[in-house]
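Everything below concerns the one structure shown next.
Numbers restart at 1 for each chain; the letters A, B, ... are given by sequence-line order, proteins then strands.
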Amino acid sequence: MKFIDEFRDPGHARALVRDIGATLERLGATAERPVQIMEVCGGHTHAIFRYALKDLLPASLEFVHGPGCPVCVLPMGRVDDCIAIARQPGVIFTTFGDAMRVPGSAMSLLQARAEGADVRMVYSPLDALAIARANPGREVVFFGLGFETTMPSTALTVLEAERQGVANFSLFCNHITITPTLRALLDTPDLNIDGFIGPGHVAMVIGSEPFDFIARDYGRPVVVSGFEPNDILQSLWMILRQLERGEAAVESQYARLVRPGGNPAALEAIARVFEAREFFEWRGLGSIDASGVRMREAYARFDAERRFAMPNLAVTDPAECQCGEVLKGLIKPSQCRVFGGRCRPETPLGALMVSSEGACAAYYQYARPDAEAAA
Amino acid sequence: MCLGIPGRIESISDASAKLAVVDVLGVRREVNIACVAPDGGPLEDCVGSWVLVHVGFAMSRIDEEEARLTLELLHALGEAQAEAAALREGARA
């Protein structure tokens with residue numbers, strides 16, 4: 001598989017692991033005082049567990065799993081809004097598969113479907129638009145969520161709906177932006193992170209420049225990374241080299257896909273359809289200024305938020321959930337009081353257990369919680 | 001959610017909707033190529049390009065030269081280590 005297998009070469013991985021180990025030693029890192037690197041993106045979290053990268057690396061390097069899993073940070077009130085829309089007569093509610101099992105305050109979309117709501121999983125927002133064309137008598141709503149990676153696809157789908165004159169299609173916009181959230185995280189007083197693995201596919205859209213503030217204002221190295229195992233190892237190696245030289249800069253390991261200024265056509269589509277919200281509520285992290293987008297007035301007729309009645313209530317997470325502490329890297333998933341007990345992938349209590357990109361689900365699937373707890 | 005798969009643009013299927021047939025791991029699928037379309041130029045210029053496909057959209061072209069440079073660097077790292085090991089070995093002899 002071109003552009004996949006080349007970045008899984010075991011020889012390259014061994015060379016990187018050796019050099020990472022030597023650099024950690026020179027830095028004086030130990031298992032008790034490890035270098036802590038946050039991978040921002042849930043896709044990286046998943047890859048780190050899937051390829052057992054932690055087992056390849058010395059204990060003097062620790063991954064802190066970041067907030068970059070859009071399904072995980074979606075507040076319960078927003079799921080309730082989805083269900084309220086899906087239950088209205090004549091509505092076909094379409095969504096990516098990831099969002100189906102996210103618990104709302106009473107149920108998930110999957111449960112709403114079992115109770116009769118017409119909820120359909122799609123691979124692409126364009127599939128939702130096709131459903132709208134095929135069902136002119138129904139209202140088809142697409143649940144738009146995700147970071148900047150996914151924003152161009154929903155923006156372009158809305159522009160396509162306009163071009164094709166599809167009047168029964170609308171978008172329930174829950175897109176979020178990563179940089180304000182990283183800033184809020186970096187302002188957390190007890191945060192102990194030495195460097196960041198930057199989200200490669202967000203940077204593919206917005207460029208690597210929007211991450212400059214992390215190096216400039218907070219003095220932390222950032223390396224924008226691809227998603228194959230050697231991409232992640234090489235990014236770690238680049239971060240450690242910066243730490244060794246006492247530098248903090250934004251570098252890209254993923255030059256095959258990321259340009260410093262991002263993708264102009266994608267950015268233009270985003271800017272045409274969306275504008276910043278004053279604030280957006282994140283599950284586990286609370287309200288963060290300018291961290292979400294909504295649809296511009298010009299596209300109001302495609303905006304499900306304007307077209308459908310919904311409760312729009314803030315719902316607090318179950319008190320026993322510690323998703324927020326996990327998201328900030330203050331505790332490991334296995335240290336949460338309900339991990340693996342009342343909160344499991346089949347019956348998730350907290351959002352981090354829902355998506356395979358969530359830190360808790362990844363821990364549950366791949367890591368050994370007993371070994372982790374003893375460590 | 002943010003993942004993507006490399007694919008190669010094979011043909012343009014609907015120029016007005018900016019749709020192309022893309023071979024993704026041997027599976028042919030219609031994909032929107034608005035984000036990788038050449039500025040003002042004909043869409044056909046994209047045919048043969050490698051792109052990253054995410055939720056039915058080609059999000060970025062894959063720069064084959066940059067991919068080669070990354071692999072070259074990793075290869076050189078392995079070589080340098082082997083050389084250093086041989087030097088150490090030689091010093092002991």
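- Of all the heavy atoms in A/Asp127 and B/Arg29, the pair that sits closest is OD1-NH2, 3.5 Å.
- Side-chain N or O atoms of A/Asp19 include none that pairs as donor or acceptor with a backbone N or O of B/Leu77 at under 3.5 Å.
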Q: Verify side-chain contact (heavy atoms from CB on, under 4.5 Å) between B/Gln81 and A/Arg18, making sure each step is shown before the conclusion.
A: CA-CA 9 Å; B/Gln81 284 178 0; A/Arg18 266 198 296 270; 2.7 Å; yes
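- In summary, A/Arg259 and B/Glu66 do not engage in a salt bridge, as defined by a charged side-chain N under 4.0 Å from a carboxylate O.
- Contacts of A/Leu145 with chain B are made by both backbone and side-chain atoms, with heavy-atom separations under 4.5 Å.
- The two residues B/Cys35 and A/Leu156 come nearest to each other via the heavy atoms SG-CD1, 3.6 Å.
- Heavy-atom neighbours of B/Arg28 CZ from other residues, nucleotides or ligands within 6.0 Å: at or below the threshold of 12.
- By number of non-hydrogen pairs under 4.5 angstrom with chain A, the leading residue of B/Ala17, B/Ala37, B/Ala82 is B/Ala17.
- Heavy atoms of other residues, nucleotides or ligands lying less than 6.0 angstrom from CD of B/Glu65 number more than 12.
- By number of non-hydrogen pairs under 4.5 angstrom with chain B, the leading residue of A/Gln164, A/Arg14, A/Met204 is A/Met204.
- Without hydrogens or angle criteria, A/Asn263 side chain to B/Met59 main chain gives a donor-acceptor distance under 3.5 Å.
- Atom-to-atom distance recorded for A/Arg256:CZ and B/Ser60:OG is 11.0 Å, nearest 0.5 angstrom.
- Considering only heavy-atom pairs separated by less than 4.5 Å from chain B, the leading option among A/Ser153, A/Pro199, A/Cys69, A/Pro152 is A/Ser153.
- Interface remark: B/Leu25 contributes side-chain atoms only to the contact with chain A (heavy atom separation under 4.5 Å).
- Heavy-atom minimum distance, A/Ala265 versus B/Ala34: CB-O, 3.8 Å.
- Contact of A/Val71 with chain B is made through the side chain alone, with heavy-atom distances under 4.5 Å.
- With a 4.5 Å cut-off on side-chain heavy atoms, B/Glu30 and A/Leu126 do not count as touching.
- Pairing each heavy atom of B/Phe57 with each of A/Ser124, the nearest pair is CE1-OG, 3.9 Å.
- With a 4.5 Å cut-off on non-hydrogen atoms, A/Val258 does not touch chain B at all.
- For A/Glu6, the parts lying under 4.5 angstrom from a heavy atom of chain B are both the backbone and the side chain.
- Highest contact tally toward chain B, considering only A/Tyr254, A/Phe96, A/Phe227, is held by A/Phe96 [criterion: heavy-atom pairs under 4.5 Å].
- Interface check for chain A: of the options B/Gly78, B/Gly4, B/Gly26, B/Ala67, the most heavy-atom pairs under 4.5 Å are formed by B/Ala67.
- Note: A/Arg163 leads A/Gln234, A/Arg163, A/Met1 in heavy-atom pairs under 4.5 Å with chain B.
- Closest approach of B/Pro6 and A/Phe3 over heavy atoms only: CG-CB, 4.0 Å.
- Counting heavy-atom neighbours within 6.0 Å of B/Glu44 CD, excluding the residue itself, gives a total above 12.
- Most heavy-atom pairs under 4.5 Å with chain A: of the set B/Leu73, B/Ile62, B/Thr70, this distinction falls to B/Ile62.
- Contacts of A/Asp9 with chain B are absent, with no heavy-atom separation under 4.5 Å from either backbone or side chain.
- For A/Asp98, the part lying under 4.5 angstrom from a heavy atom of chain B is the side chain only.
- In this structure, chain B has heavy atoms under 4.5 Å from both the backbone and the side chain of A/Gln253.
- With a 4.5 angstrom heavy-atom cutoff, B/Leu69 does not touch chain A via any of its atoms.
- Closest approach of A/Gly43 and B/Leu3 over heavy atoms only: CA-CD2, 4.1 Å.
- Both the backbone and the side chain of B/Arg61 come within contact range of chain A, each with at least one heavy atom under 4.5 Å from a heavy atom of that chain.
- Proximity to chain B is limited to the side chain of A/Ile4, based on heavy atoms less than 4.5 angstrom apart.
- Most heavy-atom pairs under 4.5 Å with chain B: of the set A/Glu268, A/Lys2, A/His46, A/Glu160, this distinction falls to A/Lys2.
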